[in-house]
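To start, the structure under review is shown below, and the notes come after it.
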Amino acid sequence: MTAPDLVLPVDLARYAAGNTGVPYFHRFDSDRPGPRVTILALTHGNEWCGALALHHLFERGVRPARGTLTLGFANVAAAQTRASDGSGSRRYIDEDFNRLWTGPVLDGPRTSHELERARVIRPLIDDTDHLLDLHSMQTPSPPLALAGLADKGLALCRRLGWPSHIIRDAGHPEGARMRDYGAFARDGDSRSAVLVECGQHQDPTSVTVAIEVSYRFLDTFGLLRLADRPTIPEAPPATVITVTGLVSVQSPAFRFARDYRGLEVIEHAGTVVAWDGERAITTPHDDAVLIMPSPRIRVGQTALRFGRVAAP
Ligand SMILES: [Zn+2]
């Protein structure tokens with residue numbers, strides 16, 4: 001599976017054994033009561049900022065002040081396999097690891113590399129009270145916190161304080177994300193999750209963001225020991241954006257009308273922002289925010305979300 005000429009930003013072999021019975025997953029117990037916190041990297045194999053953030057936490061010897069801390073590398077096989085365009089790691093081997101997270105899919109008869117890995121990891125996720133899932137994006141958008149639809153997701157993003165752009169969204173029609181799995185999305189349950197898009201895949205700033213968000217996440221739940229505490233800069237006030245629509249690609253000839261990077265606000269409804277073959281993709285309302293425009297995307301996948309800035 002591993003392409004020998006693929007130089008990886010982190011040598012993952014040193015993390016392979018883990019200490020949980022699940023390869024590439026490590027759990028540290030403070031022996032003090034507290035929440036069970038998990039930070040996840042490489043849910044998408046080509047999104048390395050999270051792996052570099054975990055590598056940073058391992059190198060620093062960061063341990064939880066209370067509760068437990070689990071650090072895991074999810075789709076390692078994809079990360080270790082070269083993409084067909086030769087650009088780096090693959091996003092996934094057979095299917096998107098982050099579209100599988102419902103009981104019926106995980107318990108179902110279907111199989112794939114990603115489903116097998118998800119089934120192995122699942123008990124550790126079931127054992128998690130608060131999950132941070134670290135990702136990166138195709139375009140150089142400012143970082144985004146994906147809060148889901150439940151109010152507790154928004155509350156968590158506000159407590160984190162960064163990224164300052166918080167996206168309220170239902171996920172993708174192709175399947176459920178881990179951040180929306182089970183109790184994480186259920187109202188009336190204290191467990192919570194956030195997916196953070198740290199920046200563009202190859203932008204070194206995405207690593208800085210992933211590290212800062214990880215420290216903030218530990219601090220939010222009282223897991224950050226004084227000795228581990230870095231200087232956490234003050235974040236600008238949050239902007240909450242509610243997703244109002246989603247563009248799924250229907251044609252291999254999908255293209256954007258301009259070179260969008262993300263978070264542009266398009267003043268007028270009906271403005272053409274992309275072409276899906278012959279079909280014009282237009283803004284559904286005035287002041288539509290373009291969220292995560294992804295120009296290199298396959299049929300059936302999400303190329304863009306529209307959003308509206310919520311009242312402060
Ligand atoms: Zn991702």
Side-chain angles (χ1 to χ4, degrees), residues 8-10 12 24 38-54 71-81 83 85 87-101 112-115 117-118 121 125 131-148 153 157 163 165-167 169-181 184 193-207 209-211 213-214 217 243 246-249 261-263 290-298 300-305:
L8 304 179
V10 176
L12 295 172
Y24 301 97
T38 296
I39 305 178
L40 209 63
L42 293 173
T43 292
H44 292 134
N46 60 331
E47 302 179 0
W48 277 92
C49 62
L52 284 151
L54 295 196
L71 304 176
F73 304 88
N75 201 345
V76 173
Q80 291 175 327
T81 305
D85 64 2
S87 61
S89 300
R90 280 172 71 160
R91 180 177 171 88
Y92 53 77
I93 301 291
D94 297 323
E95 61 178 326
D96 194 323
F97 181 84
N98 213 25
R99 305 287 182 269
L100 307 174
W101 289 89
S112 68
H113 168 77
E114 277 72 20
L115 265 168
R117 181 70 174 147
I121 292 171
I125 305 303
L131 171 76
L132 169 63
D133 190 12
L134 294 166
H135 289 246
S136 58
M137 300 177 273
Q138 280 191 16
T139 52
S141 165
L144 309 172
L146 272 54
C157 293
H165 289 93
I166 302 171
I167 311 296
D169 71 327
H172 304 268
E174 310 101 90
R177 303 170 296 192
M178 192 189 287
R179 68 124 292 118
D180 302 310
Y181 170 59
F184 295 143
V194 59
L195 188 167
V196 174
E197 299 283 0
C198 298
Q200 203 272 337
H201 297 322
Q202 274 92 37
D203 182 353
T205 311
S206 67
V207 180
V209 172
I211 291 170
V213 169
S214 297
F217 200 75
V243 169
L246 182 144
V247 177
S248 287
V249 171
R261 54 176 284 170
L263 298 185
L290 306 186
I291 302 164
M292 293 176 69
S294 305
R296 292 175 302 283
I297 211 85
R298 296 180 189 179
Q301 295 180 333
T302 306
L304 175 71
R305 282 160 266 201

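Just follow the structure's listing: the first ligand is 1, and inside any ligand the first atom is 1.
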Taking just the N, O or S atoms of His135, which one is nearest to the Zn ion (ligand 1)? ND1

Under 2.8 Å from the Zn ion (ligand 1), is there any N, O or S atom belonging to Glu197? no

Arg179 and Asp169 ion-paired at < 4.0 Å: no

The Zn ion (ligand 1) -> Glu47, closest N, O or S atom is OE1

I need the single residue from Glu47, Glu197, Gln200 that forms a side-chain contact (heavy atoms from CB on, under 4.5 Å) with Met137. Which is it? Glu197

Residue of the set Cys49, Cys198, Pro204 for which side-chain contact (heavy atoms from CB on, under 4.5 Å) holds with Val209: Cys198

Report the name of the N/O/S atom of His44 located nearest to the Zn ion (ligand 1). ND1

N-O pairing of Arg99 and Glu114 below 4.0 Å: no

